[in-house]
Enquirer: 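Below you will find the structure I want to go over with you.
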Amino acid sequence: MIFLAIETSCDETSLALFDDRRIVFHSTYSQIKHHKIYKGVVPEIASRLHSEKISVLIKKAELNNIRNIDIVGFTRGPGLKGSLLVGKIAAMTIGEFFGAKVIGINHLEGHLLACDIVGDKIEDVLEFPLICLIVSGGHTELWYCSSYGKYKVIGKTRDDACGESFDKVARMLGFNYPGGPYIEKASLKVKKTDINFTVPDVVDSLDYSFSGIKTQVMYFLRNIKRIDNKLRNEVSFAFQKAVCESLVKKLDIAREKFNVKNIAICGGVSANNYLRNLIVNKFRDCKIFFPQLKYTSDNAAMIGVCIFRRFQKGVFKNSLEISDRLPIRNWV
Ligand code: KG4
Ligand code: ZN
């Protein structure tokens with residue numbers, strides 16, 4: 001079975017071609033350098049670049065030399081509408097050309113199933129039931145997953161996404177966009193600090209809230225005349241520590257509540273080593289699944305795994321409608 005995956009939900013244009021379980025082509029064009037100067041993603045620039053780069057990737061994949069594609073899958077949400085639309089049009093066009101089935105995939109399911117990519121192959125890595133923590137630039141959600149295609153949202157952020165808070169605090173500190181990796185790097189230079197931030201708890205709930213800590217950092221920095229490197233590093237350290245501890249705290253409550261021994265962490269922020277170590281040390285009696293580092297951020301290979309799982313179960317009933325706020329739904 002040959003299938004093609006397309007990801008264009010935010011600021012990465014990505015294409016992956018699979019021959020059954022094997023990735024035979026995967027290429028991602030990152031738009032970051034175009035958005036950096038604006039310190040965030042500009043939707044109009046993103047969709048224009050997707051339309052330019054998707055055809056470059058299609059050429060690079062040499063689709064014209066391929067005799068058959070059985071399925072074309074694309075990210076139909078959540079994401080930026082204009083960007084999603086480019087992926088959908090590309091998928092419909094290629095699907096029509098090859099007479100392939102076209103299916104729409106939820107981007108967040110892609111982040112979770114990225115854990116199943118080992119080397120350049122899809123393996124049966126994930127074990128169910130599991131609790132999944134998705135931490136990306138646009139989303140922070142906790143899911144209870146009973147199998148592939150059976151997901152229940154049990155917690156989510158009430159305001160900023162976790163990655164978004166990393167990006168906003170990084171910006172206050174004068175770092176580039178996206179800020180998460182800069183904060184992680186700066187934190188490595190610190191062993192201890194007197195600076196202390198807290199993530200306000202959303203009581204009696206598995207929900208998160210990250211806008212409070214962002215405001216704390218803002219007030220803290222407001223009284224400081226010159227932010228030097230030492231302070232930048234210490235603020236990064238204190239912020240990262242507080243945010244990661246809050247992520248782990250709710251994860252722990254969820255794990256206990258649902259009596260689950262499998263945990264998956266995915267999305268852009270799951271690249272953070274401080275978070276990875278905290279989780280590994282805290283949940284020693286659990287199986288923990290992370291995607292390989294190169295599959296933590298947005299990519300088409302993770303969308304390919306979602307296509308493969310649907311193919312395995314023979315489930316193709318699916319809407320092609322794009323939706324910027326697409327909620328996760330069961331598909332089995
Ligand atoms: O999943 P992703 O690539 O895109 C979305 O779907 O949003 O996540 C991007 C987010 C950005 O906010 C970025 O700052 C954050 O992931 N990020 C990190 C790290 N690497 C990326 N945050 C903390 N530490 C990192 N090492
Ligand atoms: Zn993402």
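Remember, it's 1-based here, ligands and their atoms both numbered in the order they're listed.
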Enquirer: What residue and atom, counting heavy atoms only, is the protein's closest point to atom 24 (N) of ligand 1, and at what distance?
Expert: N272 ND2, 3.0 Å
Enquirer: Considering heavy atoms of the protein only, find what lies nearest to atom 26 (N) of ligand 1 and give residue, atom and distance to 0.1 Å.
Expert: E184 OE1, 2.7 Å
Enquirer: Under 4.0 Å between a side-chain nitrogen and a carboxylate oxygen: does that hold for D20 and K121?
Expert: no
Enquirer: Could you walk me through whether E44 and R48 pass salt bridge (charged side-chain N to carboxylate O under 4.0 Å, His left out), step by step?
Expert: CA-CA 6 Å; E44 290 77 10; R48 182 172 53 74; over 6 Å; no
Enquirer: Please determine which of N233, N229, V235 meets the side chain to side chain contact (heavy atoms under 4.5 Å, CB included) test together with L231.
Expert: V235
Enquirer: Let me check your reading of the structure: within less than 2.8 Å of the Zn ion (ligand 2), is there an N/O/S atom from H111?
Expert: yes
Enquirer: Would you mind running through ligand 1 and noting each atom that sits below 4.0 Å from a heavy atom of S297?
Expert: 3 (O)
Enquirer: Kindly confirm or rule out an N or O of G267 lying under 3.5 angstrom from an N or O of ligand 1.
Expert: no
Enquirer: One thing to verify: whether K249 and D252 come together as a salt bridge, which I'm taking to mean a side-chain N less than 4.0 angstrom from a carboxylate O.
Expert: no
Enquirer: Considering only heavy atoms of G163, which atoms of ligand 1 have at least one such atom less than 4.0 Å away?
Expert: 12 (O)
Enquirer: Which ligand 1 atoms, with their elements, are less than 4.0 angstrom from a heavy-atom of H111?
Expert: 1 (O), 6 (O)
Enquirer: How about F239 and F197: are their ring centres within less than 6.0 Å of each other?
Expert: no
Enquirer: Check whether any heavy atom of C10 sits under 4.0 Å from an atom of ligand 1.
Expert: no
Enquirer: Is it true that V118 and V305 fall in one hydrophobic cluster, defined by side-chain heavy atoms closer than 4.5 Å?
Expert: yes
Enquirer: Measure D167 to ligand 1 on non-hydrogen atoms and call it side chain, backbone, both or neither using the 4.0 Å cut-off.
Expert: side chain
Enquirer: Which of the numbered atoms in ligand 1 are under 4.0 angstrom from any heavy atom belonging to H107?
Expert: 6 (O)
Enquirer: For ligand 1 and P178, I'd like to know whether there is a polar contact (N/O to N/O, distance under 3.5 Å).
Expert: no
Enquirer: For the salt bridge (charged side-chain N to carboxylate O under 4.0 Å, His left out) test, which of R329, R310, R309 pairs with E109?
Expert: R310
Enquirer: Would K101 and D70 pass as an ion pair if we require N to O under 4.0 Å?
Expert: no
Enquirer: Mind checking whether the Zn ion (ligand 2) has an N, O or S of H139 under 2.8 Å?
Expert: no
Enquirer: Would a single hydrophobic cluster contain both V269 and F283, if residues Ile, Leu, Val, Met, Phe, Trp and Tyr are joined by side-chain heavy-atom contacts under 4.5 Å?
Expert: yes
Enquirer: Any side-chain heavy atom of L84 sitting closer than 4.5 Å to one from R76?
Expert: no
Enquirer: What is the closest protein heavy atom to atom 22 (N) of ligand 1, and at what distance does it sit?
Expert: G180 CA, 3.3 Å
Enquirer: Among protein heavy atoms, which lies nearest atom 2 (P) of ligand 1, and at what distance?
Expert: D298 OD1, 3.5 Å
Enquirer: Run the contact test for H139 against ligand 1 with a 4.0 Å cut-off on heavy atoms, strictly below, and give the result.
Expert: no
Enquirer: What I want to find out is whether K214 reaches D167 closely enough, with some N-O distance under 4.0 Å, to be called a salt bridge.
Expert: no
Enquirer: Of all N, O or S atoms in D298, identify the one at the shortest distance from the Zn ion (ligand 2).
Expert: OD1
Enquirer: Would you say ligand 1 has an N or O under 3.5 Å from any N or O of G268?
Expert: yes
Enquirer: Treating Ile, Leu, Val, Met, Phe, Trp and Tyr as nodes and any side-chain heavy-atom pair under 4.5 angstrom as an edge, say whether L278 and L293 lie in one connected cluster.
Expert: no
Enquirer: Can you tell which of G137, A114, S30 gets a heavy atom nearest to atom 8 (O) of ligand 1?
Expert: G137
Enquirer: I'd like to check which ligand 1 atoms, numbered from 1 as shown, lie under 4.0 Å from a non-hydrogen atom of G138.
Expert: 7 (O)
